[in-house]
Amino acid sequence: MPKLDKEDFTGAVYEIVRMIPYGRATSYGAIAKAISHPNMSRMVGRVMGQCDSAKSGIPAHRVVNSSGVLSAKEAFGNSGEMQRLLEAEGITVVNDRIKNWKAVFWNPVKEINL
DNA sequence: TAGGTGACATTGA
DNA sequence: ATCAATGCCACCT
């Protein structure tokens, strides 16, 4: 398995997030697993927080926690910006939670190994 | 250099 | 639904 430096880890996370299809979303843990680091969900979150989603072209709004809750919305400059972006893609969000999360969830591991 | 604290989490009770 | 325990890394003192 590939040994990832912190920069490589960051880059890997970026790639995964960019792969997320329109109208879908995934979780931090899923991304961590996708790069062979099942316990680094929080690091993924940290990377997302540091990355400038708008500038990097990374749809960070498609990344939520395992329950489909928008934990990161405040990182978008707050005020439901994240929710708005998701709804713009056809994802329904209620009380900071993605509706029908099970169906919206996108599994990166499947796509990568494929 | 070493140690302590925090983080966009996850899981189980 | 809410609370507590766990674990890994990055950053600051």
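Every value quoted in this text rests on a predicted model; they were computed, and no experiment measured them. By convention in this document, chain letters (A, B, ...) are assigned in the order of the sequence lines, proteins followed by strands, and residues within each chain are numbered from 1.
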Task: A/Arg84: salt bridge (Lys or Arg N to Asp or Glu O under 4.0 Å) partners, not counting sequence neighbours - done: A/Glu81

Open item on the list: Going by the rule salt bridge (Lys or Arg N to Asp or Glu O under 4.0 Å), which residues pair with A/Glu89 if we only count those two or more places apart in sequence or in a different chain?
Closed with: A/Arg62

TODO: Could you state the atom-to-atom distance from CZ of A/Phe105 to P of B/dA9 in whole Å?
DONE: 15 Å

Task: Spacing between A/Phe9 atom CZ and B/dA9 atom P, to the nearest angstrom - done: 14 Å

Distance from [X] atom [atom1] to [Y] atom [atom2], nearest 0.5 Å?
X: A/Trp101; Y: A/Ser67; atom1: CH2; atom2: OG; result: 9.0 Å
X: A/Asn107; Y: A/Arg24; atom1: CG; atom2: CZ; result: 10.0 Å
X: A/Met19; Y: A/Tyr14; atom1: CE; atom2: OH; result: 15.0 Å
X: A/Asn65; Y: A/Arg97; atom1: CG; atom2: CZ; result: 10.0 Å

TODO: If a protein heavy atom is under 4.0 Å from the base, mark B; if only from the sugar-phosphate, S; if neither, -; do that for nucleotides 7-13 of chain C going 5' to 3'.
DONE: BBBSS--

- [ ] For the pair A/Trp106 (side chain) and A/Gly23 (backbone), establish whether a donor and an acceptor sit closer than 3.5 Å, ignoring hydrogens and angles.
- [x] no

- [ ] For A/Asp5 and A/Glu7, indicate whether the former's side chain and the latter's backbone hold a donor-acceptor pair under 3.5 Å.
- [x] no

Task: Those residues that, when tested against A/Ala34, pass side chain to side chain contact (heavy atoms under 4.5 Å, CB included) (two or more places apart) - done: A/Ile16, A/Pro108, A/Val109, A/Ile112

For nucleotides 10-13 of chain B, tabulate all protein N/O to nucleotide N/O atom pairs closer than 3.5 Å, reporting atom names and distance.
unit_1 : atom_1 : unit_2  : atom_2 : d
B/dT10 : OP1    : A/Gly29 : N      : 3.1
B/dT10 : OP1    : A/Ser66 : N      : 3.4
B/dT10 : OP2    : A/Ser66 : N      : 2.6

Open item on the list: For Watson-Crick and G-U wobble pairs within 3.5 Å on both distances, what is DNA chain C written in dot-bracket notation, | included for inter-strand pairing?
Closed with: .|||||..|||||

